[in-house]
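The structure appears right after this line, and notes come after that.
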Amino acid sequence: MNVFSDLGQGILAILTVQNLLLLGAGVLLGMVVGVMPGLGPSAGLAILLPLTFGLDPTGAIVMLAAVYYGAMYGGTITSVLINTPGESATVASTFDGYPLAQQGRAGPALVMAAVASFVAGTIGAVLISVAAPVTAAVATTFGPPELFLVVMAGLLTLIVIVQGNRLLGALSAVLGFAIATVGIDIGGGAQRYTFGSSELINGIDFIPVAIGLFGLGEVFHMLWKGGHLERLAYVSVRAKGRSFWPTRHDVRESRGPMLRGSVLGFAVGATPGAGATVASLMSYNLEKSVSRTPEKFGKGAMPGLVGPEAANNAASAGAMVPLLTLGIPGSASTAVLIGGFLMWGLQPGPLLMEQNPEFAWGLIASMYLGNAMLLVVNIFCIPAFASIARVPFRVLGPVVIVLCVLGTFTVNGSIIEVGIMLACGVLGFFMRRIGMSPAALVIALVLGPLAEETLRQTMIVSGGQLDIFWERTTSLVLLILIGCLLLLPVVAPRLSRLVRRRLRSVGEQRADSAEREPDEHKV
Amino acid sequence: MRTKLFSALAALTVAAALAGCGSSGTSDESAAEDYPSEELDWTIAFGPGGGNDIMARTMVDILQKQDLYPENIKVENKEGGSGATGWGYLFSNKGEAYNISTTSGSFITTPLQADTGWTHEDFTPVGLFATDDALVLVPGDSPIKNWEDWVEFAKDKGTVTVGGIGTVNVDFILHALLAEAAGYKIDYVPYNEEGQVQTSLLSGALDAMVSNPGSILGQVEAGKMTPLLFTGKEPLPTLPDVPTGESLGFKDLPSLPRGLILPPDAPKYAQEWWIDTMKKVVETDEWKQYLKDNNLIEDVRWGDDFASYLTETADGFEATLKEQGAL
């Protein structure tokens with residue numbers, strides 16, 4: 001088949017000493033970038049792009065792509081260990097990742113997250129190799145109405161996370177939407193709540209808010225609870241004991257979420273828009289819906305970490321599809337990569353793969369290799385990272401504060417953003433005290449403007465008519481999928497009960513004896 | 001060892017004394033003679049990988065390769081507020097001879113929509129090198145093949161849906177001017193990202209869009225989009241068959257300035273040095289190649305000519321935007 005010969009050529013193209021070194025360097029740099037709170041893939045790519053000015057295109061893209069997915073791996077580590085997502089795509093990893101770390105299961109959580117990332121990254125690479133043209137064809141049917149529906153699917157996650165206290169949860173989300181209105185209104189060009197400041201005309205960025213709410217807020221909260229007074233490690237992990245490795249139970253319950261997350265992530269990642277963020281949130285939502293133990297979610301359920309982790313890594317592979325096959329950037333990170341294409345003298349567009357096969361296929365081939373490298377690097381590094389969880393809070397707390405300030409400042413070199421971060425730290429503390437949901441706020445902040453923008457675009461396109469949503473085929477399919485997603489938590493338990501009853505009655509008829517009920521609840 | 005150290009010290013002292021003599025009294029003159037003798041602080045008001053970034057880095061590369069700038073050049077991306085942060089930084093270095101920055105469209109539009117504290121008039125102009133012009137495009141599978149088809153289609157339909165980046169931006173201005181001159185109505189859909197405008201057009205949500213050639217040429221080559229009109233003064237070398245706005249009777253379509261500026265009240269000698277030096281840069285093969293690769297139309301204007309071009313463009317923008325109710 002053509003795919004295999006192309007892929008073979010791609011592998012040959014990257015099997016030079018220089019390219020392998022670049023790949024290794026990219027992977028490690030990506031990890032480091034990802035581990036720094038505040039520095040996610042897009043910031044990391046932007047910082048490292050100028051370094052590739054003199055490189056040949058294949059070497060340059062191999063390195064930058066490695067930084068991109070390496071940062072996705074690294075981002076999980078801070079989400080799990082210090083509850084600070086470095087990128088909106090890893091917000092969902094904090095929901096169950098951090099509770100797992102608090103229960104002393106940081107080791108298994110990180111190992112499973114790395115495995116999930118590897119599986120998803122590899123599945124993503126396979127899907128790019130074989131399904132890129134089909135995916136690209138679907139991606140070109142995405143206009144404003146479709147994007148709006150995808151964003152709505154991501155926002156549905158709000159319902160799932162705020163289940164504890166709906167009123168306070170809704171309040172948190174509304175606060176997020178309110179913060180999101182700051183900046184120039186793309187629709188009319190008017191300024192909203194900028195008070196004349198030119199620093200605010202592009203709105204309030206996700207990064208300072210997330211770092212403040214999650215990272216700093218958690219430190220303040222731990223202080224309030226007296227975490228600094230505890231003599232023992234506030235979370236203890238033995239890096240080289242059996243407790244470091246995931247149990248067989250962890251692996252078994254992660255298999256499904258990993259596969260579902262990978263496919264979902266790849267598909268969502270290939271659509272232009274919020275890609276990895278929406279993918280990881282949808283995956284969380286989906287896993288909770290199909291789980292037999294949804295009540296464990298948010299309290300350290302392995303599927304709640306593994307699903308989103310797989311989804312955001314597969315999404316970073318999926319995002320390469322429109323980039324390579326259409327020349328269209330689907331996310332902030334791939335927009336930086338497209339800038340790189342131009343810088344290296346390549347013309348992004350539908351003909352890119354045809355005109356520069358060794359470039360495109362070299363990139364795809366490097367994804368197989370890069371993901372394998374990352375898995376190895378991660379498994380070696382995790383004991384070191386996981387031992388962070390053993391550092392007493394009175395030492396770790398101040399370090400986290402310094403990292404939060406540095407991380408925020410590094411992104412844009414803006415002292416105002418550091419101020420926003422500190423203010424959000426205080427806000428995050430009070431939100432925790434009252435029982436509000438910082439996660440809901442952050443999701444609303446990221447997805448709110450996208451929802452607003454795409455809905456307004458849709459309404460301009462349709463002249464204010466809502467039928468545009470079911471007149472367009474892709475949009476109709478998405479509407480149905482969202483409907484299913486909404487019904488799933490209601491229908492799924494009943495359906496499985498029905499199936500079980502059926503099975504049992506069949507069993508009873510056959511054996512004609514009172515068998516014990518299939519013990520699926522414990523799985 | 002000791003003698004060496006001693007002689008080095010002595011030499012230093014003498015040098016310092018000489019330098020002291022030189023600078024005392026006629027400091028301005030000697031600074032002018034010595035210029036440039038310090039590290040240059042080159043501000044890029046946007047992130048890496050964008051049009052402004054690539055232009056600045058190409059210039060720096062030429063300046064260094066040709067040994068035109070004898071000292072080190074420190075290039076820094078100061079991103080934020082659609083250029084407000086970077087150019088605001090240059091603005092704050094009033095009177096400095098060793099700060100410089102490249103301009104692009106936001107240099108005109110950002111002060112129009114936000115209180116930046118500066119406008120294009122505040123800075124010391126070096127020169128304009130090229131303009132960024134746009135293509136008007138329809139989907140490749142549409143029956144519309146040229147501008148006449150499009151106008152006919154638009155008039156038939158009554159109101160056409162068109163898209164581009166932002167509202168207070170040249171994309172909107174172009175659509176508005178073209179529609180007014182050709183006699184059809186538009187609903188303008190603003191986007192934040194280039195990728196989304198492109199998929200919107202391909203998905204059939206938009207009737208037409210505008211985009212700069214660099215990012216859209218791949219789509220045109222693949223037949224996914226049909227270009228109808230190019231807003232530049234001359235046809236695009238890569239697409240010679242696409243008519244220019246002027247050839248179709250549209251006068252004064254705006255374009256975006258790709259130029260170089262110094263801080264407000266920069267010394268006269270610095271401005272002159274840069275004009276002389278950049279005259280050499282624009283003659284290099286590397287620069288010509290850059291213009292070709294990035295589909296920029298060369299348009300060279302120096303010093304005050306550049307300044308009056310900026311004023312003209314900005315006034316035109318403001319007038320159109322006010323007329324359309326976007327400001």
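Below, chains carry the letters A, B, ... as their sequence lines are ordered, and counting in each starts from 1.
Both the backbone and the side chain of B:T199 come within less than 4.5 Å of a heavy atom of chain A. Contact annotation for B:Y188: only backbone heavy atoms (N, CA, C, O) come within less than 4.5 Å of a heavy atom of chain A. Looking at A:E453, only its side chain comes within 4.5 Å of chain B, counting heavy atoms on both sides. Only the side chain of B:I54 comes within less than 4.5 Å of a heavy atom of chain A; its backbone N, CA, C and O stay farther away. Proximity to chain A is absent for every atom of B:T159, based on heavy atoms less than 4.5 angstrom apart.
When only modelled atom types and interatomic distance are considered, B:Q196 and B:N192 share no side-chain donor-acceptor pair under 3.5 Å. Residues B:Y89 and B:D41 have side chains that bring a donor and an acceptor to within less than 3.5 angstrom of each other.
Closest non-hydrogen pair, B:D122 versus B:G117, comes out as OD2-O, 4.3 Å. In plain terms, the two heavy atoms of A:A315 and A:A279 that are nearest each other are CB-CB, 4.1 Å.
Listed options A:A139, A:S462, A:P144 were ranked by heavy-atom pairs under 4.5 angstrom with chain B; first place goes to A:P144. Ranked by non-hydrogen atom pairs under 4.5 Å with chain A, the options B:Q198, B:Q219, B:Q289 are led by B:Q219.
At distances below 3.5 Å, at least one donor-acceptor pair connects side-chain atoms of A:E146 with backbone N or O atoms of A:G143.
Geometric assessment of B:K94 against the ring of B:F91 yields a positive cation-pi assignment under the 6.0 Å and 45° thresholds.
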